[in-house]
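A short worksheet on the structure shown next.
What's counted below: heavy atoms across the whole structure, side chains too, no hydrogens, waters or symmetry copies.
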Amino acid sequence: MTDHRRTDNIRTEVENDGAPNLSDAEARERVRPYLEPKFGEPIRRFYDTGEITEGLIPALGVRSTDLDDPEAERLLDVVSYVRDAGERPPVTGWASR
């Protein structure tokens with residue numbers, strides 16, 4: 001696995017087992033349809049601030065179980081992004097990336 005990081009420790013590109021290399025903006029855009037409170041606060045925090053907490057992967061996984069295969073795969077690509085990036089606090093300028 002190759003991991004490229006910027007100096008502010010935000011993952012920009014990861015090569016992994018067939019999952020696409022999502023940019024920050026692509027990962028953010030893929031969770032946008034799932035911002036309703038019923039889908040979990042971790043998803044909302046990730047979308048709003050780029051924060052990754054331990055609850056984000058379970059929230060994305062639970063949400064993906066109700067989706068058709070293409071939509072579920074897009075959301076599970078975000079799980080790969082989150083795993084590669086690791087837990088992190090809110091990111092300055094996240095919404096403009």
Side-chain angles (χ1 to χ4, degrees):
M1 181 182 296
T2 302
D3 188 5
H4 304 278
R5 296 180 186 265
R6 292 192 292 248
T7 57
D8 59 1
N9 204 31
I10 304 303
R11 188 196 68 64
T12 57
E13 182 178 354
V14 173
E15 295 174 20
N16 54 28
D17 304 324
N21 299 327
L22 297 181
S23 68
D24 296 342
E26 290 168 327
R28 183 175 187 268
E29 185 60 28
R30 287 187 183 200
V31 301
R32 188 165 54 112
Y34 313 108
L35 298 179
E36 297 89 17
K38 66 181 178 179
F39 297 137
E41 188 60 27
I43 296 173
R44 168 57 82 175
R45 284 196 311 265
F46 175 72
Y47 180 81
D48 288 345
T49 70
E51 178 182 20
I52 297 175
T53 63
E54 65 181 278
L56 182 55
I57 289 175
L60 292 169
V62 167
R63 180 58 188 113
S64 71
T65 62
D66 296 330
L67 301 173
D68 294 331
D69 285 344
E71 290 179 59
E73 287 299 318
R74 288 177 49 82
L75 202 55
L76 292 174
D77 290 341
V78 177
V79 170
S80 294
Y81 167 97
V82 168
R83 279 193 184 121
D84 292 336
E87 287 187 38
R88 66 181 182 211
V91 177
T92 302
W94 173 254
S96 63
R97 291 181 185 266

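With hydrophobic clusters built from ILVMFWY side chains whose heavy atoms lie under 4.5 angstrom apart, Val91 shares a cluster with Leu35.
Other residues, nucleotides and ligands contribute over 12 non-hydrogen atoms within 6.0 Å of the CZ atom of Arg45. Within a 6.0 Å radius of CD in Glu87, more than 12 heavy atoms belonging to other residues, nucleotides or ligands are found.
With sequence neighbours excluded, no residue satisfies side-chain hydrogen bond (donor to acceptor under 3.5 Å, both in side chains) with Thr49. For the side-chain hydrogen bond (donor to acceptor under 3.5 Å, both in side chains) test, no residue two or more places apart in sequence or in another chain qualifies with Glu71. Residues passing the salt bridge (Lys or Arg N to Asp or Glu O under 4.0 Å) test with Arg44, sequence neighbours excluded: Asp48.
Distance alone, capped at 3.5 Å, places no donor-acceptor pair between the Arg74 side chain and the Arg30 backbone. A donor-acceptor pair under 3.5 Å is absent between the side-chain atoms of Arg88 and the main chain of Glu51, judged by distance alone. Remark: side-chain polar atoms of Trp94 are not paired, donor with acceptor, to backbone N or O of Asp24 under 3.5 angstrom.
To the nearest 0.5 angstrom, Phe46 atom CZ is 14.0 Å from Glu41 atom CD. Rounded to the nearest 0.5 Å, atoms CD1 (Ile43) and OG1 (Thr53) are 10.0 Å apart. A distance of 10.0 Å separates CG in Leu75 from OG1 in Thr65, rounded to the nearest 0.5 Å. Rounding to the nearest 0.5 Å places CZ of Arg83 at 12.0 Å from CD1 of Ile52. From Leu56, atom CG reaches atom OH of Tyr81 across 10.0 Å, with rounding to the nearest 0.5 Å. Separation of atoms CG (Leu22) and CD (Glu29) is listed at 11.5 Å; rounding is to 0.5 Å.
The minimum heavy-atom distance linking Glu54 with Pro58 is given by the pair O-CD, 3.3 Å. Nearest heavy atom pair, residue Ala72 against residue Ser64, reads CB-O, 3.6 Å.
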